[in-house]
Amino acid sequence: MTPKSKERVALFPGSFNPFTVGHESIVRRALQIADRVVVARGVNACKQPEDATFAVPHLDDPRVEFTTYNGLTGEFARRIGADFIIRGIRSVKDYEYELQLADANRALFGIETVLLPALPELAWVSSSALRDLQCHGMDISRFLP
């Protein structure tokens, strides 16, 4: 009898708010390298606990789980037994930032990060800038395709 292989779990710390254009495609691609993807929304000043419950109706794959967390991403990944973290990148600036986060998560928590590019047609959208605008009450709908 051969031993059962361990389920590979990926953590995708994505928020799935309107400014996270392209995250659904990243989760779908993550399922090609992981058996299960945990999509976790971080609770912080812009995302209070009362609005932290979420799901994506058109992403109803049973291998995708939605949850929330408060704290460091790498620490949460270790707590849920994730094998790696999935991060989406849109630009060179995002890539440099994500490499720094990947290095920190590897050094502090011993967990690797897989960087997946967003869809090319969405590369002009900076989710960080849109998140900041939305946090300050700005209507971001005109930035989205």
Item to check | OG1-CD1 distance between Thr73 and Ile85, expressed to the nearest 0.5 angstrom | outcome: 6.0 Å

Next on the checklist: Please find the pair of heavy atoms, one from Phe84 and one from Ala34, that lie closest to each other, and give the distance.
Outcome noted: CZ-CB, 3.9 Å

Item to check | ring-ring contact (aromatic ring centres under 6.0 Å, His included) against Phe76, all qualifying residues, sequence neighbours excluded | outcome: Tyr69

Next on the checklist: Does Val114 form a side-chain contact (heavy atoms from CB on, under 4.5 Å) with Ile33? I'd like the steps, not just the answer.
Outcome noted: CA-CA 10 Å; Val114 175; Ile33 57 174; 4.0 Å; yes

Checklist entry - Restricting to pairs with a member in residues 64-79, which pass salt bridge (charged side-chain N to carboxylate O under 4.0 Å, His left out), not counting sequence neighbours? => result Arg36-Glu65

Checklist outcome for this item: Residue set satisfying side-chain hydrogen bond (donor to acceptor under 3.5 Å, both in side chains) with Asp83, at least two apart, ordered chain then number -> Lys6

Checklist entry - Val39 and Val37: side-chain contact (heavy atoms from CB on, under 4.5 Å), yes or no, with the steps? => result CA-CA 6 Å; Val39 178; Val37 176; 4.2 Å; yes

Item to check | Contact list for residues 102-116, test salt bridge (charged side-chain N to carboxylate O under 4.0 Å, His left out), sequence neighbours left out | outcome: Asp103-Arg106, Arg106-Glu112

Checklist outcome for this item: Residues at least two apart in sequence or cross-chain that pass salt bridge (charged side-chain N to carboxylate O under 4.0 Å, His left out) with Arg8, listed by chain then number, are none

Checklist entry - Under the side-chain contact (heavy atoms from CB on, under 4.5 Å) test, which residues partner Leu115, sequence neighbours left out? => result Arg87, Ile89, Tyr95, Glu98, Leu99, Thr113

Item to check | Smallest separation among heavy atoms of Ile111 and Gly74, with atom names | outcome: CG2-CA, 4.4 Å

Checklist entry - How long is the span from the CD1 atom in Ile86 to the CZ atom in Arg29, to the nearest 0.5 Å? => result 9.5 Å

Item to check | Contacts of type side-chain hydrogen bond (donor to acceptor under 3.5 Å, both in side chains), residue Asp35, not counting sequence neighbours | outcome: none

